2 protein chains.
Amino acid sequence: MGITIKDVAKAANVAPSTVSRVLSDNPRISMATKKRVRKAMKDLGYHPNINARSLANNSTQTLGIVMKSSADKALQNPFFPEVLRGVSSVAHKEQYSLNISTGETEDEVMESVRRMVEGHQVDGMMLLYSSKDDRVADYLLERGFPYVLIGKPTGNMNEVNHIDNDNIQAAIDITDVLIEKGHTRIAFVGGDPNLTVTEDRVAGYKLALQQAGIPIDNSYQVYTELLTSGGKEAVRELFQMDKPPTGLVVADDLMSVGMLTMLAEFGIRVPEDVSLVSFNNVYLSEIIRPALTTTDVQIFQLGNQAAKCLIENVKNKDEPIKRIIVPHNIVERDSVKQLE
Amino acid sequence: MGITIKDVAKAANVAPSTVSRVLSDNPRISMATKKRVRKAMKDLGYHPNINARSLANNSTQTLGIVMKSSADKALQNPFFPEVLRGVSSVAHKEQYSLNISTGETEDEVMESVRRMVEGHQVDGMMLLYSSKDDRVADYLLERGFPYVLIGKPTGNMNEVNHIDNDNIQAAIDITDVLIEKGHTRIAFVGGDPNLTVTEDRVAGYKLALQQAGIPIDNSYQVYTELLTSGGKEAVRELFQMDKPPTGLVVADDLMSVGMLTMLAEFGIRVPEDVSLVSFNNVYLSEIIRPALTTTDVQIFQLGNQAAKCLIENVKNKDEPIKRIIVPHNIVERDSVKQLE
DNA sequence: ATGAAAGCGCTAACAG
DNA sequence: CTGTTAGCGCTTTCAT
């Protein structure tokens, strides 16, 4: 097969173990032999067999990544590629590989996760979402396997590493821009209510209203997958109320795009007839018209920090559990109108 | 550490090799012992160590995936998640893992690819793009490492597995919808001209014009990254010509979204003032307004076929080189107007 | 500072 | 049909 450590050893006139030590830059090897061995490696075009190494020292230098089961359109949300970029960037610097879960259904994904961890394919896992009753998270926690969550865990807050925004505050802040512009009839449009991020964002939305002394009306909250016929109904009802909202807090930029379209169909213009704010600040939100006033949650940073945190945890098993909050900020664009 | 094959062997009163054979469902093991061994595995909660297995039989059951260097926004193109879904689906069924390239710059990606292949981490590689002078593709080809390309290779057409659409025909077809609606002043807006997909699509665009007897005007072709100030200039110039186009063939749905915005800024309406058609048919294209008339290239299928092809090639080294063309079809929506 | 040897968990001849 | 025995390529004591 390929060039092995033995070939290098022979070429450099040393023992295989010495080559191994050079590989890990062991300080107890003289500069002279290091030079010699390194030259031999170059000459022969040697590359260590990562599998063999993994087997020998029981560590794989690879991180597993779980996305939500790819069956739904959620994957087309630009959030994922962006967070992946953040992860990828630090993984590369730290010489870690990335192994992503396969499978379409929840069961398949779970199966692929088990394969990764029980098959000793990865040193740690990263979940790019957080939802209620998630089997993957439960499994990892129970097994005591190192992992990090992007989002907020459902319970066990102090036992699981997680990277999150302060989504409650973020929702307060973005709702406040509506309030400051004179809006009082403000509705919330969320996605999957099982996602903790949705929970937090409604919670913040409500708090903002409270603080402003605006009564909370439950018929002003709708949860919908985007663009399903059911979703369309929900939105229509919202605007057929006696007092339809003048402001919309939408849980996610991609959903906002969907909303924009539905509203257009109903002949409702943004921001003239209704103002809209949302979350994430993906690329799309700035190229769409109207450009969205949204919350920049620093997706890239989320991924970055998550990778760092996981790698630390993997390297040092009794690294304390961490909770890292990535700051957000409001970016105002053209989807909000000042009310008289 | 964990449960090993030896533990299972002991528990089932057989030799380790027997357990191994049960693992691979070797037909020369009696049903009785298979049952017994399998029970032992279940009881002990045994899972094979994939690394050890890889080392022993020199095959990793994992596929490497290369995306374009994630530095640019290209990654936010919903094309990638969708093709990944296709790949993931068959990878899972075939019990393959997916290892994605890390790094932000082209150099870093190249480095991570070398790590994968020379480090024996993957059995085959898949490139999710195809562009001129691509170091990764060159490297793989030269090394004779199994790989598959999504797109059309630049040269070596018969030496590299690839899955592609007939982009020339697709461009002809989509340009024809403009022509059939009476358009004659039709411009082409492409992205990175180094991508083979861009080449093919202009080529088809030109052929369509030719076949319709419409003269080809080079100032009607612009290549631009979306939304850069340079891009804006290019588009402005297009519409400041004596005879501005009445139809636009845009190389990609995401670019189309950017175009829509630029056009709006210039006060040009779609489809009233200019008609627009594009490629890919990502989710976005149906939820944006106007909904895009576009070419469905069956992204999921592209990924699916690519994975199948690669796995075949990996399993059987002298499987012939394949070229698979995934059919496209036109989906007409609301971005085109009939001209008088 | 370096070498010899055992072993990580599994597979694959080779026996029987 | 099943057991024995070598490795796969690397790391890591333990010597020297």
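All chains are named by letter (A, B, ...) in the order of the sequence lines, taking the proteins before the strands, and each is independently numbered beginning at 1. Keep in mind the model is a prediction, meaning the values are calculated, not measured.
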Point to revise | Net bend of the helix from C:dA1-D:dT16 to C:dG16-D:dC1, end axes of five pairs each, nearest 10 degrees | key: 40°
Exercise for review: Determine, for A:K315 against A:D123, whether the closest basic-nitrogen to carboxylate-oxygen distance falls under 4.0 angstrom.
Suggested key: no
Practice item. Could you tell me whether B:R85 and B:E82 have a side-chain N and a carboxylate O separated by less than 4.0 Å? Key: yes
Practice item. Taking atom types as modelled, find out whether A:Y139 and A:D134 have a side-chain donor-acceptor pair closer than 3.5 angstrom. Key: no
**Study point:** Side-chain H-bond candidate by donor/acceptor type, B:E108 with B:T102, under 3.5 Å
**Key:** no
[X] vs [Y] side-chain heavy atoms within contact, under 4.5 Å:
| X | Y | value |
| --- | --- | --- |
| A:N161 | A:N313 | yes |
| B:M125 | B:V122 | yes |
| B:H92 | A:E104 | no |

Check your understanding: Which of residues 5-18 of chain A sit near DNA chain D, with a heavy atom under 4.0 Å from it?
Key -> A:I5, A:S17
Check your understanding: Do any pairs count as a salt bridge (charged side-chain N to carboxylate O under 4.0 Å, His left out) and have a residue in residues 38-50 of chain A, sequence neighbours left out, and if so which ones?
Key -> A:D25-A:R38, A:K39-A:D43
Calculate the interatomic distance between [X] atom [atom1] and [N] atom [atom2]; express it in whole Å.
| X | N | atom1 | atom2 | result |
| --- | --- | --- | --- | --- |
| A:R21 | C:dA1 | CZ | C1' | 8 Å |
| B:D123 | D:dC8 | CG | P | 19 Å |
| A:N57 | D:dT12 | CG | C1' | 10 Å |
| A:N58 | D:dT12 | CG | C1' | 13 Å |

Practice item. Heavy atoms only: give me the nearest A:V109-A:G103 pair and the separation to one decimal. Key: CG2-O, 3.8 Å
Check your understanding: What are the two closest heavy atoms between B:V326 and B:N165, and how far apart are they?
Key -> O-ND2, 3.0 Å
**Study point:** B:R21 side chain vs B:N26 backbone, donor-acceptor pair below 3.5 Å
**Key:** no
Practice item. State whether the side chain of A:S101 and the backbone N or O of A:G64 hold a donor-acceptor pair below 3.5 Å, judged by distance alone. Key: no
Check your understanding: Among all residues two or more places apart in sequence or in another chain, which pass the salt bridge (Lys or Arg N to Asp or Glu O under 4.0 Å) test with A:E319?
Key -> A:K322
Point to revise | Residues in contact with DNA chain C, drawn from residues 22-31 of chain B - heavy-atom cutoff 4.0 Å | key: B:L23
Exercise for review: Taking only heavy atoms on the protein side, list every residue of residues 32-55 of chain B lying under 4.0 Å from any atom of DNA chain C, sorted numerically.
Suggested key: B:Y46, B:P48, B:N49, B:A52, B:R53
Check your understanding: Taking the side chain of A:A56 as heavy atoms from C-beta outward, which of D:dG9, C:dT2, C:dG9 is closest to it?
Key -> D:dG9
Review point. Would you say D:dT11 has OP1 or OP2 under 4.0 Å from some side-chain N or O of A:S20?
Key: yes
